[in-house]
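Presented below is the structure to which this report refers.
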Amino acid sequence: MDEVREESHRAAFVSDTAMKAIPAIALVALIACVDCAAASQVAAEPAPAYAVTKAVPLGGPDRWDYVVFDPASHRVYVAHVDRVSVVDGHSGKVLGEVKGIAGGSHGIGISTATNQGFTDDGKQGLAVAFDLKTLAVKTTIAAQPDADAIAFDRASGHLFVVEGDPHKVTVIDPRTNKVVATIDGGGGLEYAVSDDRGHLYVNGATKREIVRIDTRTNVVDATWPIPNCASPHGMAIDIAAHRVFTSCVNGVLTVVDTDSGSLVATVPIGRGTDAAAYDPKRKLVFSSNGIDGTLSVIAEKDANTFVPVATIKTAITGRTMSIDPDTGRIYIAAGEIDPNPAPGRPRLVPGSLKLLFVDPTP
């Protein structure tokens, strides 16, 4: 998210936090009884429970963006203004920082095969490659202004840097650290996910759409409208069921068929979403909501049925997250609100940024 969108998001946060016949009768009775039994069964199904089990201090600066979990290393990367904080996703130990990103880091992408991580410098329009072992910056790569989210695609082996305001996606080959293509997304863009089968899905934030890119040819091969989704922000994917999930700032999550582009479902979520996640083991979809300070939990009953099942209290400002698909642990970045602010809008306690570990409980 660039500075303009982040400031808009913060303004929304400030605004919201300032307030919060006999046979026939017998047949009908029988149907009603069956319906009651079904309702009772649904009501009896326990909602999934989650709890914050750890809060890892990351300190200042007091702004942050995306959180990315890397399953290969069990590390969590937090884009943190002029740096990327790196945390052990098991123990919570802070392993180090990627420093020197003067124009502000936003997205993170991991290329295990080349032992490199990538972030961006949004103001300068750069992709920044760093060594996964030492966390030292290796090189910078010219991208586009407002470089934001980054997605790695296994089918092509390439990284895709989403540039919001220029409506572009820069494609980088991590084997050479060279730009191999620049794709026009046709409108302002936000987050992106890959299906690892040759397609990348990008939130078209300004046009309320999903843009699909063929990652082998680097061309847009489909654009699908999601008109009831204001400012699509978070995105996640169920690769097996061919479903992509987009969280929207007007308090809904949309479910779209990744083959046809048809709208499958619209589900309510909390306010202030900036990230979505999917748990393939537990068949759950999540939205982290910074204004409410909640985690919306949605059950995927089947590929066409999605039901809200829980709202978990996390922390106000907790708007970005990632998930360990094996353990189901969710990582949320959040700061603390000053309980005694100076006159004006609410402010963060300086240096209060933490990475929350939110675990499923028995």
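Any value given below was found using the heavy atoms of this structure, including those in side chains, with hydrogens, waters and symmetry copies removed.
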Nonpolar side-chain network containing Val219, other nodes, edges under 4.5 Å | none
Check the hydrophobic clustering (I, L, V, M, F, W, Y; side-chain heavy atoms under 4.5 Å; chains of links allowed) and say if Leu356 and Leu284 are grouped together.
-> yes
Report yes if some heavy atom in the side chain of Lys99 is under 4.5 Å from a heavy atom in the side chain of His80; otherwise report no.
-> no
Does any N or O in the side chain of Asp173 come within less than 3.5 Å of the main-chain N or O of Lys178, such that one atom is a donor and the other an acceptor?
-> no
Assert yes or no for the condition that the ring centre distance of Tyr191 to Tyr66 is strictly below 6.0 Å.
-> yes
Quick one: are Val67 and Ile332 in side-chain contact, heavy atoms under 4.5 Å?
-> no
Does any pair with a residue in residues 202-270 pass disulfide (SG to SG under 2.5 Å), and if so which ones, sequence neighbours excluded?
-> Cys229-Cys248
Do Ile213 and Val202 come close enough that some side-chain heavy atom pair is under 4.5 Å?
-> yes
Listing, residues 262-269 side-chain donor-acceptor contacts under 3.5 Å, not counting sequence neighbours, or none:
unit_1, atom_1, unit_2, atom_2, d
Ser262, OG, Ser260, OG, 2.9

Is Arg212 reaching over with its side chain to a backbone N or O of His199, donor-acceptor style, under 3.5 angstrom?
-> no
side-chain contact (heavy atoms from CB on, under 4.5 Å) filter on Ala72, not counting sequence neighbours, yields Asp70, Thr112
Using side-chain hydrogen bond (donor to acceptor under 3.5 Å, both in side chains) as the criterion, point out the one residue from Asn289, Asp292, Asn250, Thr294 that pairs with Arg271.
-> Asp292
Which one of Asp259, Asp238, Asn304 satisfies the side-chain hydrogen bond (donor to acceptor under 3.5 Å, both in side chains) criterion with Arg243?
-> Asn304
Any idea how Phe69 and His74 line up, ring-wise: parallel (<30°), tilted (30 to 60°), or perpendicular (>60°)?
-> tilted
Remaining members of the apolar cluster that contains Val81, side-chain heavy atoms under 4.5 Å = none
Linking I/L/V/M/F/W/Y whenever their side-chain heavy atoms sit closer than 4.5 Å, directly or via other members, would Phe118 and Ile108 fall into one cluster?
-> no
Please examine the side chains of Val76 and Leu355, heavy atoms only from C-beta on, and report whether any two atoms are closer than 4.5 Å.
-> yes
Any side-chain heavy-atom pair from Arg75 and Ile110 closer than 4.5 angstrom?
-> no
So, Phe286 versus Tyr278, ring centres under 6.0 angstrom or not?
-> no
Who pairs with Lys354 by salt bridge (charged side-chain N to carboxylate O under 4.0 Å, His left out), at least two apart in sequence or on another chain?
-> Glu336
Determine yes or no for a side-chain-to-main-chain donor-acceptor pair under 3.5 angstrom, with Thr317 supplying the side chain and Gly335 the backbone.
-> yes
Identify which one of Asp324, Asp359, Asp279 satisfies the salt bridge (Lys or Arg N to Asp or Glu O under 4.0 Å) criterion when paired with Arg329.
-> Asp359
Indicate the ring-plane relationship of Phe306 and Phe245, choosing parallel, tilted or perpendicular according to the 30° and 60° boundaries.
-> perpendicular
